[in-house]
Amino acid sequence: MKKEMPLIYMDNAATSWPKPRVVIDAMMRFSRDIGANPGRSGHRQSIEAGRTIIEAREAVAELFSVSNPLRIIFTKNATEALNIALYGLLKPGDHVITSSIEHNSVMRPLRYLERQGIGLTCVACSTTGLLDPADVIASIRPDTRLITMTHASNVMGTIMPVREVGRIARSHGIPFLLDAAQTAGSIPIDVEDLSVDILACAGHKSLFGPQGTGILYVGKGMESIIAPIMRGGTGSRSESEEQPEGLPDRFEAGTLNTPGIAGLCAGVRFIVEEGIDRIRSHEEKLTEFMIESLASCEGVTVHGCGDAKRQTAVLSISLKGRSLSDAALVLDEEYGILTRPGLQCAPAAHRTMGTFPAGSIRLSPGYFTTEEDVAMTVRSLSAIAGD
Amino acid sequence: MTNKTHGYLIVLFDSTSAALLAERLLNRKSIAYKIIPVPRRLSSDCGVCLRILEEDRLAVEEAFKGAVDVQAICCLESKITSDIG
């Protein structure tokens with residue numbers, strides 16, 4: 001193994017790294033100077049902790065064009081946010097529509113709910129992940145209670161026609177749950193513009209927060225149809241042994257990850273300062289460069305739509321005649337390039353893409369990835385594929 | 001010495017989150033306030049509330065309009081006679 005090898009982190013779709021300095025500083029500052037439990041006591045440090053949380057709610061609300069920050073619920077990850085929405089909303093006898101490229105954070109709850117008597121339709125996408133909104137309309141039934149869809153595939157990066165699907169859902173009076181795990185922070189999201197009723201996303205991916213942070217946005221009227229799946233202390237209404245109905249307390253039982261949320265807030269502010277369009281433009285340029293240079297690599301197959309404008313900075317590739325896990329290990333040990341081989345927790349997407357069960361090697365650069373990093377990755381893959 | 005509670009109102013909210021959001025709104029409008037634990041005689045809630053000047057009531061209500069729900073605005077003098085700092 002080579003020593004002093006510079007690392008090239010190509011796994012931002014799992015968790016972004018490195019984090020902006022301001023994120024680390026905010027977590028340090030909270031832990032060192034504040035540290036108390038938000039909203040649980042009236043003393044100055046508890047209030048300061050509460051302020052840390054409300055500032056984060058405001059920052060996130062602004063990013064998604066949400067007018068009421070109390071509709072921003074903090075969770076431990078996107079999966080928890082999705083679980084709150086899915087288990088809280090769907091009851092036996094209900095029907096739900098999703099796509100054929102969903103992550104297991106959606107598919108596992110839905111498959112479980114299916115066994116409990118919920119009807120499930122997975123609208124088929126093309127092998128490159130493209131979905132025809134007309135197929136969503138054709139899947140709507142009188143008992144359809146929810147349409148849920150990822151904003152972009154975590155396997156091939158393809159961006160879904162969520163604005164169209166949102167409009168379809170709204171025109172039929174069906175709530176629309178958007179899984180923005182792969183897009184929050186890297187693609188502008190306006191919940192009104194996209195007709196999103198509920199949004200779930202991770203804090204630790206493109207929002208630059210630490211692991212252990214996630215977000216659930218609960219749109220108007222949704223709080224009354226989503227039953228909480230967790231109940232417990234909220235610091236408010238302590239005289240009652242019933243869960244408060246108001247937001248955010250209805251869905252936030254127990255002490256929050258305040259140091260993490262302090263970091264998440266700094267991450268969101270970083271995005272706003274840098275400009276999300278600038279972030280998107282950088283990632284798009286890297287993706288385009290990656291698609292073009294890998295296209296000419298012997299033995300490398302690039303999956304997905306092949307158009308950087310229609311996808312996020314996530315690329316799945318296969319290598320002719322090579323075990324993908326072995327190749328990823330060589331990339332790590334010999335070249336210092338960190339990738340994600342396998343099914344990326346999305347067997348449905350791989351079935352759709354035609355790469356199940358072998359999977360793919362996923363390359364996901366981020367805002368801090370340089371063109372030189374991508375060039376080095378392509379050269380290394382080329383060398384491995386040619387072995 | 002003036003009575004400590006004279007001229008103050010207490011604004012109660014559904015949750016601590018709402019109280020702290022309300023604080024942000026008052027900051028933006030430069031309206032004076034103090035965050036205090038909810039007086040036990042007003043409510044059994046163990047959270048915090050805002051103490052404002054009586055004369056700011058209309059401005060406060062205007063600042064909160066459509067942005068945060070107020071549970072109640074209480075007059076301190078009528079309900080409490082002491083110990084609100």
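Each chain gets a letter, A, B and so on, in the order its sequence line appears, and its residues count up from 1. Quick caveat, the model's predicted, so the values are computed rather than measured.
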Is the number of heavy atoms from other residues, nucleotides or ligands within 6.0 Å of [atom1] ([X]) greater than 12?
X: A:Glu242; atom1: CD; value: no
X: A:Asn37; atom1: CG; value: yes
X: A:Arg21; atom1: CZ; value: no
X: A:Glu245; atom1: CD; value: no
X: B:Lys29; atom1: NZ; value: no

Which of the residues [options] is involved in the greatest number of heavy-atom pairs with chain B at under 4.5 angstrom?
options: A:Arg40, A:Arg44, A:Glu252, A:Glu55; answer: A:Glu55
options: A:Pro38, A:Gly50, A:Ser240, A:Gly39; answer: A:Gly39
options: A:Pro244, A:Gly246, A:Ser236; answer: A:Ser236

Quiz item: At a heavy-atom separation under 4.5 Å, does B:Ala18 approach chain A through its side chain, its backbone, both, or neither?
Solution: both
Quiz item: Looking at side-chain heavy atoms only, is the closest gap between A:Arg51 and B:Arg24 below 4.5 Å?
Solution: no
Quiz item: Does some side-chain heavy atom of B:Ser17 sit less than 4.5 Å from a side-chain heavy atom of A:Asp249?
Solution: yes
Exercise. Only one of B:Leu20, B:Leu21, B:Asp14 passes side-chain contact (heavy atoms from CB on, under 4.5 Å) with A:Leu70; say which it is.
Key: B:Leu21
Quiz prompt | Shortest non-hydrogen contact from B:Pro37 toward A:Gly42 | solution = CG-CA, 4.2 Å
Quiz item: Taking atom OG1 of B:Thr16 and atom CD1 of A:Ile53, what is their separation to the nearest 0.5 Å?
Solution: 11.5 Å
Self-check item: Spacing of NE2 belonging to A:His43 relative to CD1 belonging to B:Ile35, to within rounding of 0.5 Å
Solution: 13.0 Å
For [X], is it the side chain, the backbone, both, or neither that has a heavy atom closer than 4.5 Å to a heavy atom of chain B?
X: A:Glu58; value: side chain
X: A:Arg57; value: side chain
X: A:Ile54; value: side chain

